K.L.:
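The structure follows.
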There are 2 protein chains.
Amino acid sequence: MGDKRRPAAKGKTPATIYDIARITGVNPSTVSRALNQPGRVSASTEQRIREAAADLGYRTNPMARALPTGKTGTLGLLVSDLTNPVYFDLVRGAERIAREHDTMLIFADSQESPELERSTAERLQIAVDGLLLVASRLEDAQIQELAAAKPIVAVNRPVPGVPSVAPDVQPGMVESLDLLHGLGHRRIAYLAGPEASWMNGMKWVTAHDLAVDRGMSIVEIQSSAPTREGGTEAFADVMAADVTAVLAYNDLIALGLIGACQQHGVAVPRDLSLIGFDDIFGADLSAPALSTVRCSWGDMGSRAVSKLLGAIEGDASGAELNLPTEFVSRASVAAPGR
Amino acid sequence: MGDKRRPAAKGKTPATIYDIARITGVNPSTVSRALNQPGRVSASTEQRIREAAADLGYRTNPMARALPTGKTGTLGLLVSDLTNPVYFDLVRGAERIAREHDTMLIFADSQESPELERSTAERLQIAVDGLLLVASRLEDAQIQELAAAKPIVAVNRPVPGVPSVAPDVQPGMVESLDLLHGLGHRRIAYLAGPEASWMNGMKWVTAHDLAVDRGMSIVEIQSSAPTREGGTEAFADVMAADVTAVLAYNDLIALGLIGACQQHGVAVPRDLSLIGFDDIFGADLSAPALSTVRCSWGDMGSRAVSKLLGAIEGDASGAELNLPTEFVSRASVAAPGR
DNA sequence: CATTCTCATGGAATCGTTTCCATGACGGAA
DNA sequence: TTCCGTCATGGAAACGATTCCATGAGAATG
């Protein structure tokens, strides 16, 4: 009675609803109903079918289901750079909610390249029910185009007409600048992230306006990359700017800069105060520990997945969702030394 | 001529080979051949078909392909805890190779729970061509059972009869113990990880044997979890053990312990030398920077994926692959203070 | 010139599920 | 008792791609 087509090379073929149907003596369609639409089938047959299914270790084949329904039960998560520790919490939060909804996450990285991001998004989109675009470097129009095909939620960046989840940098920034101002800082710098990043622009504008409001001078310093190396390399420019405090685009850059300061004998926070962004793993490890603005990436991940699942169900709800940020005080900030 | 069944709610239906067939006036089977088996179709028709496909923005539907072929073009990656920074590099390495082979990665986390790991692995297995089991907490027999259904590669742990990729802790440990011995340490401790972890046992046995060889005493100290908290909580037990150096199961635990030492006024490395494991992001940030044993998780990830892809193709090759480790010298190790 | 072989292509079955439609049994209302 | 609505179930057509088999047109061979 052996299977005559498969060479039985690896593993026996998994059980199908036909196997269950044969055993219980019903039609495959009845099996499908029994398993997916409780109540549509008489209690006794449903019982028998469930038992047989359990016996055979039956699992629905997601590919086969996807064909007629168009639903794959998976979501795509596309980030700009997997190496960045910020994404850990995001992924974790997303994964939690996804699991709760029996949904799998497919995972990809665009290596900070818009072209790669676009092609990956397109390929990914066929295989998933919806896409999470994190810190996208694409243009609004491109994202809107993708969103026309399948539901998309943008994370860490708003896109007109597309649902999004992003931190509201305002509160954390206000706290930061109030603190710096109160301590006596008057000349500060913003150490920038990638130019293509919407969030970078947002942070700069916010910091700028808040600083001006408080009568402080502020300059923007470019960095080569939003990484520790980028921060290290920016050291010279920061020194040249003659400021007493630096707000960094993210913690990685700030940590790189702290390292460079240490190496060059610049005392943090006496000679230079430093504030990062994100509160990533490790921000509290550095010497001195890094003050930072925290936005809950875990929350962002879970909210974004919820929103996306909603959009897939047809909830045209949620335009833009903003999550609050807060200042986290650690040792890298103090009154200016002189 | 509009599509009469779909409510056109979201996005137009993607193009299929039938659309291409209709446009070019050939049979769908010819389209399939033209696209997948170059040379099997006359050059001119292939040309026309490719053009039509490009025009329509055709992408092959992976679900539809998976049904007859049984190949989904995806791999599953199951780790014990996504929060652990060690997995950054692993995921990144895995992702790189996967991309090169036009393969997607599906991603899941078992939250250090063997039951959850088992059920997740089973669910995942249906949707993928092969599974990467990282730091599995399952028993050998369970893994072998899973491996009977579809190809599996175990990472960070060998399993009899199942291909695996794991670090060879020996070289890094030898360097560590030679260094400690040379500096004059005679009483050391091993700060353990999860009991269910094969790797934990491996590290303890190796450290133990090497220490004994060198005439040093060594004790095993339990930790509550392989996290920074676990390391912090182990502080009292470490102090009680009256040792001059500690080898930790991983960097997280070591970093937790460093923090606790700082807080309790125990000077590292003067009063206590510390060596971690993994060289995770942040290991060089702590004060003092953490000496550690590095195994290239990025390599492990890419090797594991290669091996898995090979196994899927039928290469029954690779049994067990071990990657070397090396000691990374930083500031947390010195001669004992007294 | 007849025969065989090759090659491009058409036709149809198949993968596992879902879902629409059909059918027959049964119960209750008239 | 008859008729109709309800309900459980069977039957069959999708979904999109692959692949085996069939077919017919030429080319090659004697």
Side-chain angles (χ1 to χ4, degrees), chain A residues 3-7 11-50 52-53 56-73 102 125-127 129, chain B residues 3-7 11-50 52-53 56-73 102 125-127 129:
Chain A
D3 188 322
K4 51 191 162 215
R5 299 192 44 207
R6 312 268 173 145
K12 53 247 167 207
T13 346
T16 73
I17 56 171
Y18 285 87
D19 298 325
I20 303 181
R22 195 160 23 76
I23 291 185
T24 56
V26 302
N27 192 282
S29 59
T30 304
V31 176
S32 175
R33 278 187 291 253
L35 262 26
N36 303 313
Q37 314 177 28
R40 286 263 304 155
V41 163
S42 78
S44 64
T45 30
E46 178 171 339
Q47 170 74 356
R48 275 189 305 140
I49 289 176
R50 289 203 179 283
L56 269 58
Y58 170 78
R59 321 240 104 193
T60 317
N61 179 330
M63 314 300 151
R65 166 178 285 169
L67 217 35
T69 62
K71 296 266 163 278
T72 67
D102 263 318
Q125 230 179 8
I126 315 166
D129 295 339
Chain B
D3 189 322
K4 52 192 163 217
R5 298 193 44 208
R6 309 271 172 141
K12 52 248 168 208
T13 346
T16 72
I17 56 171
Y18 286 85
D19 299 325
I20 303 181
R22 195 160 21 78
I23 291 184
T24 56
V26 302
N27 193 282
S29 58
T30 304
V31 176
S32 174
R33 279 187 290 254
L35 264 23
N36 304 312
Q37 312 179 29
R40 285 264 305 161
V41 164
S42 79
S44 64
T45 30
E46 177 171 342
Q47 170 76 355
R48 276 190 304 139
I49 288 176
R50 287 202 181 282
L56 270 57
Y58 169 80
R59 322 240 103 194
T60 113
N61 179 329
M63 314 302 150
R65 167 178 284 168
L67 218 35
T69 62
K71 294 268 164 276
T72 66
D102 263 319
Q125 231 178 8
I126 314 166
D129 295 340

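In what follows, every chain begins at residue 1, and chains take the letters A, B, ... in the order their sequences are listed. All of these numbers come straight from a predicted model, not from anything done at the bench.
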K.L.:
Is the shortest side-chain N/O distance from A:T45 to OP1 or OP2 of D:dT9 below 4.0 Å?
P.N.:
yes
K.L.:
Kindly point out which of D:dA17, C:dT19, D:dT19 is positioned nearest to the side chain of B:Q37?
P.N.:
D:dT19
K.L.:
Heavy atom of residues 17-28 of chain B under 4.0 Å from DNA chain C: which residues?
P.N.:
B:G25, B:V26, B:N27
K.L.:
Using atom CG of B:D129 as one end and atom C1' of C:dC15 as the other, report the distance to the nearest whole Å.
P.N.:
15 Å
K.L.:
Looking only at non-hydrogen atoms, find the nearest pair between B:A34 and B:I49 and report the distance.
P.N.:
CB-CD1, 3.7 Å
K.L.:
Mind checking what makes side chain to side chain donor-acceptor pair (under 3.5 Å) contact with B:T45, not counting sequence neighbours?
P.N.:
B:S42
K.L.:
Whole angstrom is fine here: how far is it from CE in B:M63 over to P in C:dT17?
P.N.:
15 Å
K.L.:
Show the nearest heavy-atom pair for residues B:A52 and B:I20, with the distance to one decimal.
P.N.:
CB-CG2, 4.0 Å
K.L.:
Can you tell me how far P of D:dA14 sits from CG of A:L67, to the nearest Å?
P.N.:
13 Å
K.L.:
Among residues at least two apart in sequence or on other chains, which ones pass salt bridge (Lys or Arg N to Asp or Glu O under 4.0 Å) with A:R50?
P.N.:
A:E46
K.L.:
Please list, pair by pair, any protein nitrogen or oxygen found under 3.5 Å from a nitrogen or oxygen in nucleotides 20-23 of chain D.
P.N.:
from   : atom 1 : to    : atom 2 : distance (Å)
D:dC20 : N4     : B:R33 : NH1    : 3.4

K.L.:
Just how far, in rounded Å, is P of D:dG16 from CD1 of A:I126?
P.N.:
13 Å
K.L.:
Say you draw a straight line from OG1 of B:T72 to CD1 of B:I126; how long is it, rounded to the nearest 0.5 Å?
P.N.:
11.5 Å
K.L.:
Within the pair A:S42 and D:dA8, is there a side-chain N or O less than 4.0 Å away from OP1 or OP2?
P.N.:
no
K.L.:
Kindly state each residue pair satisfying salt bridge (Lys or Arg N to Asp or Glu O under 4.0 Å) with at least one member in residues 31-40 of chain A, sequence neighbours excluded.
P.N.:
none
K.L.:
Using a cut-off of 4.0 Å on non-hydrogen atoms, how would the nucleic acid contact of B:S32 be classed: base, sugar-phosphate, or nothing?
P.N.:
base
K.L.:
Note the angle between the end axes of the helix from C:dC1-D:dG30 to C:dA30-D:dT1, five pairs defining each, rounded to 10 degrees.
P.N.:
50°
K.L.:
Given atom CG of B:N36 and atom C1' of C:dT9, what is their separation to the nearest angstrom?
P.N.:
16 Å
K.L.:
Rounded to whole angstroms, how far apart are CG on B:N61 and C1' on C:dC15?
P.N.:
13 Å
K.L.:
Under 3.5 Å, side-chain donor or acceptor atoms of residues 56-63 of chain B against the rest of the protein: list the pairs with distances, not counting sequence neighbours.
P.N.:
from  : atom 1 : to    : atom 2 : distance (Å)
B:N61 : OD1    : B:M63 : N      : 2.8
B:N61 : OD1    : B:A64 : N      : 3.1

K.L.:
OH of B:Y58 versus C1' of D:dT18: gap in Å, rounded?
P.N.:
11 Å
K.L.:
Could you check which of D:dG10, C:dT17, C:dT9 has an atom nearest any side-chain atom of A:T16?
P.N.:
C:dT17
K.L.:
Counting only side-chain heavy atoms from C-beta out, which of D:dT18, C:dT18, D:dC15 sits nearest to B:R65?
P.N.:
D:dT18
K.L.:
Per the salt bridge (Lys or Arg N to Asp or Glu O under 4.0 Å) rule, what does the pair list look like for residues 18-27 of chain B, sequence neighbours excluded?
P.N.:
B:D19-B:R22
K.L.:
Under the salt bridge (Lys or Arg N to Asp or Glu O under 4.0 Å) rule, collect the residues that match up with B:R65, sequence neighbours excluded.
P.N.:
none
K.L.:
What's the shortest heavy-atom distance between B:L67 and A:L67, and which atoms?
P.N.:
CD2-CD2, 3.4 Å
K.L.:
Test of understanding: with salt bridge (Lys or Arg N to Asp or Glu O under 4.0 Å), list the residues that count as partners of A:D129, not counting sequence neighbours.
P.N.:
none
K.L.:
In a check of side-chain contact (heavy atoms from CB on, under 4.5 Å) between A:V31 and each of A:V41, A:T16, A:V26, which one passes?
P.N.:
A:V26
